[in-house]
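Contents: one structure, followed by commentary.
Throughout, protein chains are lettered first and strands after them, A, B, ... in sequence-line order, and every chain is numbered starting at 1.
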Amino acid sequence: MKTADLAGLPEGVPEALHAEGIEELYPPQAEAVEAGVTEGESVVASIPTASGKTMIAELAMLSSVQRGGKALYIVPLRALASEKKTEFERWEEYGVDVGVSTGNYDSDGEWLASRDVIVATSEKVDSLIRNGAPWVDDLTCVVSDEVHLVNDSHRGPTLEVTLAKLRRINPGLQVVALSATVGNADEVAEWLDASLVQSEWRPIDLKMGVHYGNAINFDDGDQREVPVGTGQKQSEALVADTLDEGGSTLVFVNSRRNAEGAAKRLAGVTSKALTDGERNDLRQLAADIRDVSDTETSEDLATVVAKGAAFHHAGLAAEHRSLVEDAFRDRLIKCVSATPTLAAGVNTPSRRVIVRDWRRYDGEFGGMKPLDALEVHQMCGRAGRPGLDPYGEAVLLAKDSETMDELFERYVDADPEPVLSKLAAEPALRTHLLATVASGFANSREGLLEFLENTLYASQTQESGRLEHVTDSVLDYLEVNGFVDREDGSITATDIGHTVSRLYLDPMSAAEIIDGLRDAEEVTPLGCYHLVCRTPDMYQLYLKSGDREEFTELFYERETELLGVAPSEFDDVAFEDWLAALKTATMLEDWATEVDEDRIAERFGVGPGDIRGKVDTAEWLLGAAEQLAGTLDLGVNVAVREAKKRVQYGVREELLDLAGVRNVGRKRARRLFEAGVESRADLREADKSVVLTALRGRRRTAESILENVGRRDPDMEEVREAELEAATFSTANDEDGQSSLGDFG
DNA sequence: ATACATCGAATCTAGACAGCATGTC
DNA sequence: CTAGATTCGATGTAT
């Protein structure tokens, strides 16, 4: 099917596609069109990565908009939201406006209502529905990217319930679900009343194989000699081999430490294959990486990057990650070793993909658990760059022939697993049942069960007994904790229940917070941090050996500050959890007392990305805590608010005023304070040379700060060089100490 | 006495969404 | 019920 023959799109779009070099639709795309995606028909497309899923979504959304409708594109990751937005923005010249809404980036609410296409994460969509966003019932088309995530036990239920709600609100809604190849796409299609487009077709060939001994054995029977030298690892030989052909390699491993270790070794391989020009560019890139943060992680990354390799995991700051991703895409970095962050994230194709570790530690499982075929296939799908590589290669590693056979059976020749709804679990239903009641989708037990009939879970299970059972125990929980009222079979959300639903809190988190703040005598920042760290919405730091003693001691030292009732030291599980929360809280306290980023990283064994992540979550939960305290009139708002501001800015109490000024972060605020400028009022009155000195002689920065604080004459021109001699002297190393942890897109 | 190799035991383990109101370089 | 890379540390060995 030719793009020129496409009907129902905004004027100019087929021509624009043609101009992009797209004359002919890929077979799965053509199939989707035949199934009616451009005519408002629902479609589930279960096809490999990079086989043109986005185009199917675009055809659906553009045609829907052309008919006067409004489309929503649901993504699983915030990073993907901005990527998709940029991609869709090329349609703006044909009259299609695009907006984004995620937790940390929001097109203005009103303005969003006027957009034709909105990109948002599933949680944000859920939240928007809970808060009654007015434009939700104008939607005519919803695209759900990576629907196979309904299989995820944590985030899957949200996607599932959100799709069910959207369809309930809007009966004629066109649903386009894009999925990786999964074992039961037909069930998903049936659930969504959609036609199924299923295909193994890829624009570039993918060869999968296992490296064992001195060769890769491919699924098609081919072999490729890749001898492993003595003292050499398989991955090193494979990276060198790809390099010989001018290709880059992506190596998936199972832990951060392994990612860093592998990058170090592989840097020895890549560094031999660099041109002088590349060496120069890499040196610059390494410098940029060091500028992001002065932690050990950052330094280690810069070191390997200078040699043409890199590691990638969630301990990196977001800016680190995008620097690495971009340089890898530009083929400057030759090899990246990564944890699964890179498999699910933004598009980073590579000539060859190596899945080095196929088992990963899983506490619940009690050991190393083999990865799902679905996950391994997702990683392998990153192999082969359309238009650049003749084909992609995905290679698993085996040390012996038994392992090789197992890998073939388990992954190469295996069909991916079916996706299974994880909805019938208490934590998921706790949140979603409350939200369903609070936003008026149901007002009785029967109504809830009827609503749940629209979920994947219901369509997958034979006996409804389990869902009913969990629903009952969750309803009891919600009632006992005062989130819902039940009377004569009718269920209504209480005030606090509504608040919890709107705040997007797990009701259990809310209960913990309320319980901790109620009857609290003295509320300190550490107490607040510990409270929110105990919550199921906060992912705690891992308690290492030795930490147990350290934090037990700290616990007794500061016992009085902690809110709520501490578990007994003899209740191992609960006490351990309490200490893990204390460890996390201590990290937040360090941050809020201006401890340097690298010291925190060292003390807690975390990366800059972890610090930012925890700080972010704490900020959100403390904001929620503040509102809960307000709703319940607990009289601790001020203390909670201060604790929140302290983590938000990462400063001690005395800097709160200054740090609120735009362009003034924790470091600059501290320097100004030490120079005697202690408040915004001081800043408006202060001697300019003092301000300039405190800011290490940066005139532009000083001017903009004075402007931001509302000073009438922010001009720095009158300040003479002579007055700054001391400052200039002390700034020989012209490094701006401003923390760059916060990297918001 | 000191530096260093060796071997076995101990250690440790992926990821990342959300409120609200504004603004890090 | 399940692992494996890496670090730690005790012991041994060459200088």
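- Between dA5(C) and Lys399(A), a contact under 4.0 Å exists linking OP1 or OP2 to a side-chain N or O.
- Mapped onto DNA chain B by nearest heavy atom, Ala659(A) and Asp537(A) fall at different nucleotides, with Asp537(A) at the one closer to the 5' end.
- Nucleotides dA3(C) and dA14(B) are separated by 16 Å at their C1' atoms, to the nearest Å.
- Within 4.0 Å (heavy atoms only), Ala314(A) reaches sugar-phosphate atoms of the nucleic acid but no base atom.
- One can place OH of Tyr105(A) at 17 Å from P of dC17(B), the figure rounded to the nearest angstrom.
- Applying the Watson-Crick and G-U wobble criteria (two distances, each under 3.5 Å), dG4(C) pairs with dC12(B).
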### Message
Can you build the contact string for nucleotides 8-13 of chain B? Use B for base contact, S for sugar-phosphate-only contact, and - for no protein heavy atom under 4.0 Å.
### Response
---SBB

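- Within the 4.0 angstrom heavy-atom criterion, only backbone atoms of the sugar-phosphate kind lie near Arg321(A); the bases stay farther away.
- Base pairing annotation: dA10(C) forms a Watson-Crick or G-U wobble pair with dT6(B), both donor-acceptor distances under 3.5 Å.
- Under a cut-off of 6.0 angstrom, the local environment of CG in Asp405(A) is crowded, with over 12 non-hydrogen atoms contributed by other residues, nucleotides or ligands.
- Distance alone, capped at 3.5 Å, places no donor-acceptor pair between the Glu512(A) side chain and the Thr535(A) backbone.
- Each of Phe365(A) and Gly261(A) lies near DNA chain C, and the nucleotide nearest Phe365(A) is the one positioned closer to the 5' end.
- The side chain of Ser127(A) lies closest to dA18(B), out of dA16(B), dT24(B), dA18(B).
- Atom-to-atom, CZ of Arg360(A) to P of dG4(C) comes out at 15 Å; the value is rounded to the nearest Å.
- Gly623(A) comes within contact range of at least one nucleobase, with a heavy-atom separation under 4.0 Å.
- Both His313(A) and Ser101(A) lie close to DNA chain B; mapped to their nearest nucleotides by heavy-atom distance, the more 5′-ward contact belongs to His313(A).
- Of the candidates dC20(B), dA18(B), dT24(B), the closest approach to any side-chain atom of Thr617(A) belongs to dA18(B).
- In this structure, Arg78(A) reaches the dC17(B) phosphate: one of its side-chain N or O atoms is under 4.0 Å from OP1 or OP2.
- Rounded to whole angstrom, the span from the CZ atom of Arg680(A) across to the C1' atom of dG23(B) amounts to 11 Å.
- Within the structure, a side-chain polar atom (N or O) of Thr121(A) is placed less than 4.0 Å from OP1 or OP2 of dA18(B).
- If you check every strand for non-hydrogen atoms under 4.0 Å, Arg130(A) touches nothing.
- As rounded to whole Å, 8 Å separates atom P of dA21(B) from atom CD of Gln627(A).
- Side-chain N/O atoms of Asp400(A) and Thr403(A) include a donor and acceptor closer than 3.5 Å.
- Contact annotation: Arg359(A) side-chain N/O to dA14(B) OP1/OP2 distance is not under 4.0 Å.
- The separation between Lys644(A) atom NZ and dC20(B) atom C1' is 7 Å, rounded to whole Å.
- In this structure, a donor-acceptor pair under 3.5 Å is present between the side chains of His320(A) and Ser298(A).
- The side chain of Arg155(A) approaches dC17(B) more closely than any other nucleotide in the set dG15(B), dC17(B), dT24(B).
- The local environment of CD in Glu296(A) is sparse, with at most 12 non-hydrogen atoms from other residues, nucleotides or ligands closer than 6.0 Å.
- For the residue pair Leu80(A) and Gly345(A), the shortest heavy atom distance occurs at CD2-O, 3.8 Å.
- Under 4.0 angstrom from either OP1 or OP2 of dA14(B) there lies no side-chain N or O belonging to Lys369(A).
- Pairing for dG23(B) is absent, with no Watson-Crick or G-U wobble pair whose two atom distances lie under 3.5 Å.
- Between dT6(C), dA18(B), dA16(B), one nucleotide has an atom nearer to the side chain of Asn258(A) than all others, and that is dT6(C).
- Side-chain atoms of Arg130(A) never come within 3.5 Å of backbone atoms of His498(A) as a donor-acceptor pair (strictly under, hydrogens ignored).
- Taking the P atom of each, dC1(C) and dA18(B) are spaced 38 Å apart, rounded to whole Å.
- Residue Arg612(A) contributes atom CZ, which lies 18 Å from atom C1' of dG15(B) at whole-angstrom precision.
- As rounded to whole Å, 15 Å separates atom P of dC20(B) from atom CD of Gln648(A).
- The backbone N or O of Ala338(A) lies less than 3.5 Å from no partner atom in the side chain of His313(A), so there is not a single donor-acceptor pair.
- The distance from atom CG of Leu397(A) to atom C1' of dG4(C) is 14 Å, rounded to the nearest whole Å.
- Thr339(A) has a side-chain polar atom (N or O) that falls below the 4.0 Å cut-off from OP1 or OP2 of dG15(B).
- Shortest non-hydrogen contact noted between Arg534(A) and Gln540(A) is CA-NE2, 3.8 Å.
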